[in-house]
Amino acid sequence: MRKLGFSTIMLWVGLVFLYLPMLILVIYSFNASKLVTVWGGWSGKWYAELLKDEQIIDAVFTSLAIAFYSSCMAVILGTMAAFVMTRFRHSWAKMTLSNMITAPLVMPEVITGLSLLLLFVHMSDLLGWPTERGMTTVWIAHSTFCAAYVAVVVSSRLREVDRSVEEAALDLGATPLQSFFLVTVPMITPALVSGWLLAFSLSLDDLVIASFTSGPGSTTLPMVVFSSVRLGVSPKINALATLIILAVSLVALIAWYVAHRSHKRSMAKMNEG
């Protein structure tokens with residue numbers, strides 16, 4: 001009988017530590033009892049109750065909309081910042097920009113949220129905009145701190161790009177803008193996709209910054225869940241968390257399948273060649 005090695009044991013311990021709480025949550029989402037700590041038999045009624053809760057459903061669509069637009073804007077801002085960080089010559093201005101971009105990565109979210117709140121308040125007093133805090137202010141706030149993460153991801157890829165290909169495009173008559181969109185962007189597409197997904201996840205998961213910059217009618221899903229948990233964990237929250245786990249698992253499975261198919265095709269082409 002094959003003996004288990006230390007690495008294998010640690011792997012299984014880590015998997016159990018990470019996924020056992022999720023498994024327990026999924027099981028208790030089918031609990032018939034209103035008390036989440038008392039098992040009352042199997043039932044799926046909380047999923048039906050969840051679909052009837054308009055507040056949670058509205059919060060889900062609000063969070064998805066904000067996360068989508070924030071991640072798109074974060075990719076645009078982060079890519080421009082990454083291009084400056086990697087392609088401009090070394091100077092005090094470049095170092096200052098790099099430090100300012102990476103600052104949100106280590107800054108507490110409370111400070112970021114409070115500073116953005118004060119910014120919106122002063123803008124409202126001086127410019128008359130925004131008249132009230134809502135989805136737009138949350139979108140701006142999320143785009144701001146997500147752009148820092150995108151910039152780090154994209155800049156790491158830009159440093160590995162062979163610049164001779166871009167220079168060849170310029171020598172063949174392409175403008176710098178054409179060279180960027182037709183040569184550079186295709187080479188850094190994986191980094192752009194990774195940055196977009198990271199920004200989407202960060203925006204969807206954010207609670208602190210959204211609490212500072214949101215207003216009536218722009219309540220996000222983490223804010224609804226946090227408010228519900230403060231009053232006592234509802235079985236509907238377990239059902240909601242189970243659906244989120246299911247959605248994330250499906251996306252991960254589809255991504256793995258697409259990557260696996262792509263790898264098999266590339267290996268087949270290499271063997272044919």
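Remark: the backbone N or O of Phe200 is not paired with any side-chain donor or acceptor of Ser203 at under 3.5 angstrom. Within the 3.5 Å criterion, the main-chain N or O of Pro130 finds a donor-acceptor partner in the side chain of Ser124. Under a 3.5 Å cut-off, the side chain of Ser179 and the backbone N or O of Thr175 do not form any donor-acceptor pair. Looking only at distances, a side-chain donor or acceptor of Trp139 sits under 3.5 Å from a matching main-chain atom of Tyr69. One N or O on the side chain of Ser156 and one on the backbone of Val153 form a donor-acceptor pair closer than 3.5 Å. Without hydrogens or angle criteria, Arg157 side chain to Met187 main chain gives a donor-acceptor distance under 3.5 Å. Ser63 contributes no side-chain N or O that, together with a main-chain N or O of Val60, makes up a donor-acceptor pair within less than 3.5 Å.
Classified by interplanar angle (parallel below 30°, tilted 30° to 60°, perpendicular above 60°), the ring pair Phe30/Trp42 is tilted.
Taking each heavy atom of Ala74 and Ala199 in turn, the nearest pair found is CB-CB, 4.1 Å. Contact record, Pro21 with Val16: CD-O, 4.0 Å, taken as the closest heavy-atom pair. Of all the heavy atoms in Val121 and Arg133, the pair that sits closest is CG2-NH1, 4.2 Å. The two residues Thr220 and Ala210 have their closest heavy-atom pair at OG1-CB, 4.1 Å. Considering all non-hydrogen atoms of both residues, Leu204 and Pro222 come closest at O-CG, 3.3 Å.
To the nearest 0.5 Å, atoms CD1 (Ile209) and CG (Leu117) are separated by 12.0 Å. One finds the CG atom of Asn238 at 10.5 Å from the CG atom of Leu50 (value rounded to the nearest 0.5 Å). Distance OG1/Thr184 to CZ/Arg163: 9.0 Å, rounded to 0.5 Å. Taken to the nearest 0.5 Å, the SG atom of Cys146 stands 7.5 Å off from the CG atom of Asp206. Put simply, OG on Ser249 and CD1 on Ile244 are 11.5 Å apart, with the number rounded to the nearest 0.5 Å. Considering CG of Leu116 and OG1 of Thr137, their distance stands at 9.5 Å, rounded to 0.5 Å.
Residues Phe181 and Val150 are members of one and the same hydrophobic cluster, defined by side-chain heavy-atom contacts under 4.5 angstrom among Ile, Leu, Val, Met, Phe, Trp and Tyr. Side-chain heavy atoms closer than 4.5 Å link hydrophobic residues (I, L, V, M, F, W, Y) into clusters, and following such links, even through other members, never connects Val258 to Val251. Met80 and Leu105 end up in the same hydrophobic cluster when Ile, Leu, Val, Met, Phe, Trp and Tyr side chains are linked at under 4.5 Å. The cluster map of Ile, Leu, Val, Met, Phe, Trp and Tyr, joined by side-chain heavy atoms under 4.5 Å apart, puts Leu250 and Val193 in different clusters. The same ILVMFWY cluster, assembled from side-chain heavy atoms under 4.5 Å apart, contains both Val248 and Phe68.
Counting heavy atoms from C-beta outward, Thr112 and Phe212 have side chains that stay 4.5 Å or more apart. Put simply, the side chain of Thr242 does not reach to within 4.5 Å of the side chain of Leu246, judged on heavy atoms. Here the side chains of Val161 and Glu166 are in contact, with some heavy-atom distance below 4.5 Å. Side-chain contact between Trp196 and Cys72 is present, with at least one heavy-atom pair separated by less than 4.5 Å. Between Asn31 and Pro235 there is no side-chain heavy-atom pair separated by less than 4.5 Å. Annotation: side chain of Thr79 is in contact with side chain of Leu192 (closest heavy-atom distance under 4.5 Å). Inter-residue side-chain proximity for Leu221 and Ile56 is flagged as met; some heavy-atom pair is nearer than 4.5 Å. Side-chain contact between Ile111 and Pro108 is present, with heavy atoms from C-beta onward closer than 4.5 Å.
For residues 238-260, the set of pairs meeting the ring pair (Phe, Tyr, Trp, His ring centres under 6.0 Å) definition, not counting sequence neighbours, comprises Trp256-His260.
No more than 12 heavy atoms of other residues, nucleotides or ligands sit less than 6.0 Å from atom NZ of Lys34. Within 6.0 Å of CD in Glu49 there are more than 12 heavy atoms belonging to other residues, nucleotides or ligands. Within 6.0 Å of the CE atom in Met123, the count of heavy atoms belonging to other residues, nucleotides or ligands exceeds 12. Counting heavy-atom neighbours within 6.0 Å of Tyr47 OH, excluding the residue itself, gives a total above 12.
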Would you please test Thr136 and Trp129 for side chain to side chain contact (heavy atoms under 4.5 Å, CB included) and show each step?
-> CA-CA 11 Å; Thr136 302; Trp129 184 90; 3.9 Å; yes

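Checked against the 6.0 Å centroid threshold, Trp39 and Tyr28 count as a close aromatic pair.
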